[in-house]
Amino acid sequence: MRAYVLSRLAQTALVVFLSLTAVFAMVRLSGDPVLLFMPMDIQAKDVNEFRARLGFNDPLAVQYARFVGGAVRGDFGESLRYQRDALGLVLERLPATFLLAGTALLLTLFVAVPLGIVSAVRRNTLLDHVGTVATVLGQATPGFWLGLMLIYLFSVQLRWLPTGGTGTVAHLIMPSVVLAAFFSARIARLTRSAVLEVLGEEYILTARAKGLGEGRVIGKHTLRNSAIPIVTLAGLEAGQILGGAVITETIFAWPGLGRLTVQALLNRDFPVVLAAVFFISVMYTLVNLVVDLLYGWLDPRIRLR
Amino acid sequence: MKDLKAWLGIGLTAAAIGAAVLAPWLVPHDPMQADFVQSLRPPGSPGHLLGTDQLGRDLLARVLYGARLALFIGVCTVLLTALFGGLLGLVAGFVERWPSAVLMRIADVQLSFPFILLAMTINAIVGLGLQNIILSLSAAGWVVYARVVRGEVLSVKQRDYVQAAAALGMSRSRLLFRHVLPNVAPSIIVVASLQFSSFIVAEAAISFLGFGIQPPTPAWGSMLSESRDFLYVAWWLAAFPGAALALTALGVNLLGDWLRDTLDPKLRV
């Protein structure tokens with residue numbers, strides 16, 4: 001078990017290193033970030049001075065070595081826009097993103113999973129059909145459009161909720177609902193099919209035949225056995241929630257990592273982009289590791305190697 | 001219920017294709033033609049069924065031409081990713097030596113990053129515009145095909161008829177393209193149909209965030225992005241392009257589900 005976790009952590013390090021290298025290569029091959037960042041009326045010697053200060057005049061191999069050397073110590077350089085340490089900027093934004101993503105994930109689990117279970121157990125009832133329609137619609141509705149429509153309804157028309165920003169619980173409602181909507185649809189759908197599959201198994205028939213109450217049949221025998229595909233997808237989705245957060249944070253002016261990344265890309269502020277890429281890929285792979293560890297706990301037949 | 005979903009999928013997809021193909025015949029207006037006298041007219045105004053935007057451009061025309069752009073991007077991206085991802089997966093599954101391992105590691109690296117963020121980062125770096133958004137989405141999306149196809153090939157090539165053909169001395173390329181590929185094709189089609197809607201939604205999201213297709217080109221994502229400034233005065237600018245996008249995605253999703261149930265019920269994407 002310990003060996004497994006260690007080898008997975010080593011793999012994580014390798015994957016993060018490779019993705020940073022890929023982004024570094026793309027950034028450096030795509031043109032001159034300095035020229036894009038300078039005012040129009042600047043003198044050539046000032047440009048050169050700025051380039052020399054940031055080390056853009058060195059050979060690419062030297063720049064790469066310096067970048068890797070800095071990155072392992074958590075130093076991604078200075079933001080071109082804010083003239084500040086890029087890592088610090090990213091770290092500042094992390095709590096807001098965790099709050100948003102965490103709320104959305106909880107919302108997903110407390111709405112989508114029960115909905116999926118009830119849909120499966122009460123199959124082909126009105127409730128099941130309503131649930132199916134809701135999940136199909138939820139999956140097709142783009143988050144940024146849902147966000148705009150909610151702003152129109154709750155902020156412009158009803159004036160119940162703020163259009164964006166942060167600070168109170170009211171600010172958190174719309175962003176987390178939008179972020180949760182898409183994922184809830186997928187997870188509810190998968191929960192339904194996973195529970196249906198287990199309900200067809202012979203051990204469920206046995207459990208019912210020996211007179212077990214329906215609550216125990218569903219609560220214990222069914223749920224535990226249908227948990228694996230649900231946890232798998234929830235893990236994959238937890239990573240994708242970071243992608244969804246990019247869009248949601250931009251719509252609702254939520255000061256998180258996603259919005260910072262979009263702005264850094266728009267401004268070609270590449271030290272910040274690289275620091276953000278680093279954090280996103282670390283979080284994503286760690287979430288997947290936790291999911292894999294959960295399998296072993298949910299299903300002791302699975303041996304982790 | 002199942003038939004209903006399939007028919008709804010076919011109907012919505014057909015409507016989107018119809019709108020894209022017939023756009024110039026369905027509306028008399030040019031989607032780029034500004035007319036400041038007519039700006040921000042609400043839906044139902046004479047001559048403008050869905051109203052007009054801040055520059056007085058006809059919204060219906062822009063939504064219909066937006067279908068053109070969305071479907072074009074979707075088709076190109078799906079073809080590119082299916083071709084390259086499928087081919088790489090085919091070879092990786094068939095050869096099983098070091099190139100295969102390298103390819104799958106590259107896939108792992110790509111999958112350690114959310115799809116939309118990857119496509120957006122690539123797009124920000126390679127540049128804006130139609131060609132580049134198609135390239136970015138393809139560069140981010142080929143992995144799914146490579147994975148699915150490789151897995152399928154690994155199982156198909158163990159089957160007796162492939163072994164028998166190999167024992168008869170059939171050349172490797174003939175074996176690959178005559179016996180393995182046709183048996184993998186259904187899953188490629190299913191993945192393509194399921195990926196299609198995620199590509200058009202991703203394109204819209206990326207254009208919405210300010211990359212990808214730029215105004216004044218009538219793309220649904222950039223129209224929604226512009227509509228944010230007018231949300232207080234003109235809800236229709238946000239409502240209709242988004243509804244068109246959602247309905248198209250819904251139609252293609254339902255069609256994809258139906259294709260999967262018919263061709264390859266066990267496939268999970």
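Chain letters run A, B, ... following the sequence lines, proteins first, then strands; residues in each count from 1.
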Excluding sequence neighbours, so at least two apart, what forms ring-ring contact (aromatic ring centres under 6.0 Å, His included) with B:Y65? none
Proximal to chain A - members of residues 130-138 of chain B, heavy-atom separation under 4.5 Å: none
Considering all heavy atoms, the nearest B:A249-A:A140 contact: CB-O, 3.7 Å
Can you pull the salt bridge (charged side-chain N to carboxylate O under 4.0 Å, His left out) pairs that have at least one residue in residues 140-152 of chain A, sequence neighbours excluded? none
Quick one, A:V246 and B:I116 - any side-chain contact, counting heavy atoms below 4.5 Å? no
Report, as yes or no, whether the 6.0 Å neighbourhood of atom CZ on B:F84 holds more than 12 heavy atoms from other residues, nucleotides or ligands. no
Under a 4.5 Å heavy-atom cutoff, which of A:V287, A:V156, A:T261, A:V15 has the most pairs with chain B? A:V156
Contact leader toward chain A among B:L117, B:I106, B:I206, B:L254, where contacts are heavy-atom pairs under 4.5 Å: B:L117
Comparing A:S281, A:G244, A:S155, A:A22 against chain B, the one with the most heavy-atom pairs below 4.5 Å turns out to be A:S281
Among A:L242, A:V277, A:V282, which residue forms the greatest number of heavy-atom pairs with chain B at distances under 4.5 Å? A:V277
Between chain A and each of B:A238, B:G127, B:S197, B:S198, count heavy-atom pairs under 4.5 Å; write down the option with the most. B:A238
According to the ring-ring contact (aromatic ring centres under 6.0 Å, His included) rule, which pairs have a member within residues 131-151 of chain A, sequence neighbours left out? A:F144-B:F208
Looking only at heavy atoms, what is the nearest atom pair of A:P142 and B:A246, with distance? CD-CB, 3.8 Å
Gap separating the CD atom of A:Q139 from the CG atom of B:L250, nearest 0.5 angstrom: 10.0 Å
Among A:T285, A:L146, A:I280, A:N124, single out the residue with the greatest number of heavy-atom pairs under 4.5 Å to chain B. A:I280
First locate atom CG of A:L265, then atom OG1 of B:T121, and finally report the distance between them rounded to the nearest 0.5 Å. 5.0 Å
Identify the heavy atoms of B:R228 and A:I251 that sit nearest to each other, and give their distance. NH2-O, 3.5 Å
Tell me, out of B:I122, B:L231, B:N253, B:L245, who's got the most heavy-atom pairs with chain A below 4.5 Å. B:L231
Where do B:G210 and A:L266 come nearest, in terms of heavy atoms and distance? O-CD2, 4.0 Å
Which portion of B:N123 sits near chain A, non-hydrogen atoms under 4.5 angstrom: neither
Could you measure the distance from the CH2 atom of B:W235 to the CG atom of A:L148? Nearest 0.5 Å is fine. 14.0 Å
